[in-house]
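What follows is a single structure, written as structure tokens, with notes after it.
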Amino acid sequence: MKITPQKIYKILLKKFGDLNWWPIDINYHEKNNSDPRFEVIVGAILTQNTAWSNVEKALTNLKLLNKLDIKNISEININELQDLIRPSGFFKQKAKRLKDLVSYLKDKYHGDLNYLFYRDISVIREELLSLKGIGPETADSIILYAGNLPIFVVDAYTRRICQRIPLNTNISYDEIQDYFETELSRNYTKKELTKVYNELHALIVLLAKKYCKKNPECIECPLKKICSYYAELFQ
DNA sequence: GTCCAGGGCCGTT
DNA sequence: AACGGCCATGGA
């Protein structure tokens, strides 16, 4: 029996259910008439190699001062921005990355995310990747979770699980991404894919945090029946 | 006190 | 192309 991404998706979905990942503070954005997608974008930058709990503190700081929108980030003093996002770590480079990003959004799209996400996915991806501080995972997280467009996000967790099962032992980001997208495209319609990519990435992150850790705890892992790493434990 | 988290950049080999 | 050092805070 061949192990596929769609099989893993089914097992994890049955075990953990719908995760409704990357929920944003809709009350804040309704009250301030701001774009909730921008909160996702900021979160994607701030969470680089950083625990989400620390990112939440930074986002809270930005909201308390009503700074969580494109216009206000572009106008805020860089030192003040650093101070607000300090809890998320790497605060100097992340402040610069946010500044560069909002400059790009203002210059090219008049600060309107509709204009950005209206474009082709490949164009959005290339533009985001051209910005210093936005690599493949951040770009794809923005496209998927802010743009609600079908692209599969690969991260350190995805790689680790792919190696252990093994599902796909490629190292390059693009090859793993292409593998997941090609496989999943065979079983789901175009309309379903965004939802599937969104959910599967969230499920993978949860699995990696609970079971497939750096030092794995395989005993109760929902994937142990199809995982050769688990099988080798008992050789 | 040590480890590590939802990466990415840059310099060296 | 691949690897190592670096960036920084806060929770376990």
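So that the names make sense, note that chain A is the first sequence line, chain B the second, and so on, each numbered from 1. It should be emphasised that the depicted structure is a prediction, and the values quoted were computed from it without experimental measurement.
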Output the rounded distance in Å from [atom1] ([X]) to [atom2] ([N]).
X        : N      : atom1 : atom2 : result
A/Lys92  : B/dG7  : NZ    : P     : 22 Å
A/Arg160 : B/dG7  : CZ    : C1'   : 14 Å
A/Leu131 : B/dC9  : CG    : P     : 10 Å
A/Trp52  : C/dA12 : CH2   : C1'   : 20 Å
A/Arg97  : B/dG8  : CZ    : P     : 8 Å

Regarding [X] and [Y], does a basic nitrogen lie under 4.0 Å from an acidic carboxylate oxygen?
X       : Y       : answer
A/Asp69 : A/Lys71 : no
A/Glu39 : A/Lys63 : yes
A/Asp25 : A/Lys31 : no
A/Arg86 : A/Asp83 : yes

Between B/dG8 and C/dG10 - P atom distance, rounded Å
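Rounded to whole Å, the distance is 22 Å.
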
Checking all strands, does [X] fall into the base, sugar-phosphate, or nothing category for heavy-atom contacts under 4.0 angstrom?
X        : result
A/Lys214 : sugar-phosphate
A/Gln93  : base
A/Phe91  : sugar-phosphate
A/Gly89  : base

Quick check on DNA chain B: between A/Ala51 and A/Leu129, whose nearest nucleotide comes earlier from the 5' end?
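Per heavy-atom nearest nucleotide, the more 5' residue is A/Ala51.
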
Let me know, please, whether A/His201 or A/Ile134 comes out on the 5' side of the other along DNA chain B by nearest nucleotide.
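The answer here is A/His201.
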
Where the side chain of [X] is concerned, which of [options] is the nearest nucleotide?
X        : options              : result
A/Lys57  : C/dG10, C/dA8, B/dG7 : C/dG10
A/Pro87  : B/dA5, C/dG10, B/dG8 : C/dG10
A/Glu137 : C/dA8, B/dG8, B/dA5  : B/dG8
A/Gln48  : B/dG8, B/dC10, C/dA2 : B/dG8
A/Ala156 : B/dG8, B/dG7, C/dT9  : B/dG7
A/Thr50  : C/dA8, B/dG7, C/dG10 : C/dA8

Determine: side-chain N/O of A/Lys209 to OP1/OP2 of B/dC4, distance under 4.0 Å, yes or no.
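Result: no.
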
N or O in side chain of A/Ser53 less than 4.0 angstrom from B/dA5 OP1/OP2
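Checking A/Ser53 against B/dA5: no side-chain N or O falls below 4.0 Å of OP1 or OP2.
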
Do A/Asn187 and A/Tyr9 have a side chain donor and acceptor closer than 3.5 Å?
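No donor-acceptor contact under 3.5 Å links the two side chains.
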
